[in-house]
2 protein chains.
Amino acid sequence: MSHRPLDPRKELILKVVTDDYIESAEPVGSRTIARKYNLGLSPATIRNEMADLEESGYLKQPHVSAGRIPSQQGYRYYVDVLMQQQTLNEEEQGLIRLYFEDRSRQLDTILQQTVKILAQLTRYPSLMLGPTLQPSIFKHVQLVPLSATDILVLIVTDMGIVEKKVIAIDCPISQANLDRVSYILNKKLRGRPFASLKSSVLNELKEEIKTEDSSFQQAITLLLSTLDTRERERVYLDGIINILEHPEFKELEKFKLLMELLEEEERLHRLLASRRPGLRISIGEENPEEAVHECSIITANYEIGGRVVGTIGVLGPTRMDYAHVVSVVEFIAQSLSEFLSKS
Amino acid sequence: MSHRPLDPRKELILKVVTDDYIESAEPVGSRTIARKYNLGLSPATIRNEMADLEESGYLKQPHVSAGRIPSQQGYRYYVDVLMQQQTLNEEEQGLIRLYFEDRSRQLDTILQQTVKILAQLTRYPSLMLGPTLQPSIFKHVQLVPLSATDILVLIVTDMGIVEKKVIAIDCPISQANLDRVSYILNKKLRGRPFASLKSSVLNELKEEIKTEDSSFQQAITLLLSTLDTRERERVYLDGIINILEHPEFKELEKFKLLMELLEEEERLHRLLASRRPGLRISIGEENPEEAVHECSIITANYEIGGRVVGTIGVLGPTRMDYAHVVSVVEFIAQSLSEFLSKS
DNA sequence: ATTAGCACTCGCCTTTCGGGAGTGCTAACA
DNA sequence: TGTTAGCACTCCCGAAAGGCGAGTGCTAAT
């Protein structure tokens, strides 16, 4: 990600072209630049520089007699070097603060609404990967018999996340035994981080119950086997319509391709889960997923008590308002982390 | 919904026009009809009949020199009188049966996948209103302390639906007291249908705890107050992209209007919740929601053990393949009901 | 009552064409 | 040597024009 630096004037022009194109969605020509951003340069000079920038791969032309637009490499340089850090204005900050001030305490709802507010502020589709169990602390397990053959297993984490799972058993287990299983599991597991469950603790447990009767053993073994097979985290999504505001998606086909992705939670999950931690900007074909080869994705992580638990971000055309989106995503990730950590 | 009957030949023509338009999405003219469906009538005769049908409001013309298309009233007559009952072909039935054969036992997943399969078979966006609590049976309540001030309340129904709610309390309640509250509530409520909870039982409970100490009373009162304030049922949705296959949504504006609706769970909930029970077909402006004034909606209910608990259906342009969709929706609602009831 | 014939309408597709924005090149200039 | 004015050229885009075709309503004949 290191760039050989461009000479300052070229940088300036690349920046101006990118800024203007991001705002106007129209290829930008030398004349426009000279007039609009009086840089003390004539259109001809600018043309020369642009020709150079095109040759070295930072700009491109949709067709020969049009202005220039940034190439993927151009955006990359812009994002890494040229883009001006931006801070949210009062209004935006206020909105977010207000939102996190007090809210329904349902984790689910909070997450859904957070994505919604992100979409609102950025005007791009926004997504979030729900919190992983891994860094959470085991709080409670409860077994509820639903019928003769089905038992509902509830697992509660310190964050109030509830995992549920129905398991089928061959022969009925008495209520008393169920209670004892619950009791033992709780005693053993409460307060432990989930990450530590797989290995040692579970083996210990298995040892301990060697002396118990077989129906009891069956119950607990079954349970243990479900503890670590967890469904994938939920993906939250909002603001899809925003994408339609942008001319790059006027052709239905382009939009359809994206929509197909957005409707498949599994693909979204894969996309988000593959992101490296920290604030990430991936542009166009840098993305692994083909459907977003003409899009950029900006994500950040959110944490609970200092432990990274999830990812939140925004999806838009490569011609995206990077500076603004970065500031919003960062601020929201930050706010969400604080909110989740203080409870 | 009663119609003054049309004379048989007019009916025939209305039916043919509607069938053809549903299939082709093009206004259908007299020539086409005469040629394609040899009814033993000349184009001229058909023209006369169509003119009559237009005058009485069953057909309309997009513009003067185009063929005819059904009006809303025309569709209504078609649906109520002319449409031929259809049964699913083997392949479709097989697919559905296979799907309900065995599946992850997670209720959530089942419902989500059911909508998905409905969308796949109909090629329209499909939606479902998640099961109501009302007709379910109370199975278990569990209180889990998350922190000094927050308690997680879990309520489990006989269907394995888990309602969760975090409630904040002013002063800590001892674990022992929490357990006692759980115990009392479970003893009192287990086996009761939710519908009966609001009134008498809760009052009884309040009476019973008059003698307890105040922290205990506080806990239980708080709890009772949350029991009947339930969040709205979840809305499941799949297959939005399907809508783009249809020419009536080529103009982005039309699509956007719909998309806005589909992204707002609350509006969807309202839309689905307002449906009267049974198999319902509502056409165009018969729908209360403005965004679907050029759409039709077909819904049916699904049940658990004979109790209606939810709604499942399909949304499409008024030019919708009613006969096919009706058969699919009915069959899936039926299958889902059986599936949910047998466990 | 039905139908053949005919004149007429009108959306839609294709083609044409001019304007405008932008370019690269060349030559002059500081 | 870098900058700039001038100019010829390219090519997209939108408007206008025109022809085709599908369909209609009406009239007159069967």
Side-chain angles (χ1 to χ4, degrees), chain A residues 6-14 16-21 23-71 74 247-248 250-251 319, chain B residues 6-14 16-21 23-71 74 247-248 250-251 319:
Chain A
L6 292 170
D7 88 66
R9 203 169 65 182
K10 287 202 172 51
E11 280 200 342
L12 181 61
I13 288 176
L14 176 56
V16 165
V17 169
T18 311
D19 280 336
D20 197 84
Y21 182 60
E23 195 197 319
S24 71
E26 299 287 336
V28 14
S30 53
R31 191 188 187 66
T32 320
I33 294 182
R35 203 171 351 103
K36 200 159 154 192
Y37 301 87
N38 37 335
L39 313 177
L41 296 174
S42 77
T45 313
I46 295 173
R47 270 205 293 284
N48 286 333
E49 294 289 36
M50 292 209 295
D52 290 352
L53 281 167
E54 177 162 8
E55 199 169 357
S56 42
Y58 294 94
L59 293 179
K60 61 182 179 182
Q61 273 179 302
H63 54 264
V64 46
S65 81
R68 302 300 207 295
I69 65 178
S71 67
E248 26 272 276
K250 273 217 305 284
E251 299 128 80
R319 182 190 62 76
Chain B
L6 292 169
D7 87 66
R9 202 170 64 183
K10 286 202 173 51
E11 280 200 342
L12 182 60
I13 287 177
L14 176 55
V16 166
V17 168
T18 309
D19 279 337
D20 198 84
Y21 182 60
E23 196 197 319
S24 71
E26 300 287 335
V28 12
S30 54
R31 191 187 187 67
T32 320
I33 294 180
R35 204 172 348 104
K36 201 159 154 192
Y37 301 88
N38 38 334
L39 313 177
L41 297 173
S42 77
T45 313
I46 295 174
R47 273 207 290 284
N48 286 332
E49 295 288 36
M50 293 211 292
D52 290 353
L53 281 167
E54 177 163 8
E55 198 169 357
S56 42
Y58 293 95
L59 293 179
K60 62 183 178 181
Q61 272 180 301
H63 52 265
V64 45
S65 80
R68 302 298 207 297
I69 66 178
S71 66
E248 26 271 277
K250 271 215 311 279
E251 299 129 79
R319 183 189 61 78

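Below, read A as the first sequence line, B as the second, and so on, with proteins coming before strands; counting in each chain starts at 1. All heavy atoms count here, side chains included; hydrogens, waters and symmetry mates do not.
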> Between CZ of B:Arg9 and CG of B:Leu14, what distance do you get to the nearest 0.5 Å?
Replying inline: 14.0 Å
>> Please report the distance, rounded to the nearest Å, between NE2 in B:His63 and P in D:dA22.
In response: 13 Å
> In Å and rounded to the nearest 0.5 Å, what is the OG to CG distance from A:Ser30 to A:Leu41?
Replying inline: 11.0 Å
>> If I take atom NZ from residue B:Lys60 and atom CE from residue B:Met50, how far apart are they, to the nearest 0.5 angstrom?
In response: 15.5 Å
> What distance separates B:Arg68 CZ from B:Leu53 CG, expressed to the nearest 0.5 Å?
Replying inline: 8.5 Å
> So, is A:Thr45 close to the D:dT3 phosphate, meaning a side-chain N or O under 4.0 Å from OP1 or OP2?
Replying inline: no
> Side chains of A:Val17 and A:Ile13: does their closest heavy-atom pair fall under 4.5 Å?
Replying inline: yes
> Just how far, in rounded Å, is P of D:dT1 from CD of A:Glu49?
Replying inline: 16 Å
>> Can you confirm whether B:Tyr37 sits close enough to B:Leu12 that some side-chain heavy atom of one is under 4.5 Å from a side-chain heavy atom of the other?
In response: no
> In whole angstrom, what separates B:Glu26's CD from D:dG21's P?
Replying inline: 16 Å
> Rounded to whole angstrom units, what separation is found between the CG atom of A:Asp7 and the C1' atom of D:dT1?
Replying inline: 15 Å
>> Without decimals, in angstroms, what is the distance between B:Ile46 CD1 and C:dT3 C1'?
In response: 11 Å
> Base, backbone or nothing for each nucleotide of nucleotides 14-30 of chain C, written B, S, -, heavy atoms under 4.0 angstrom, 5' to 3'?
Replying inline: -------BSBB------
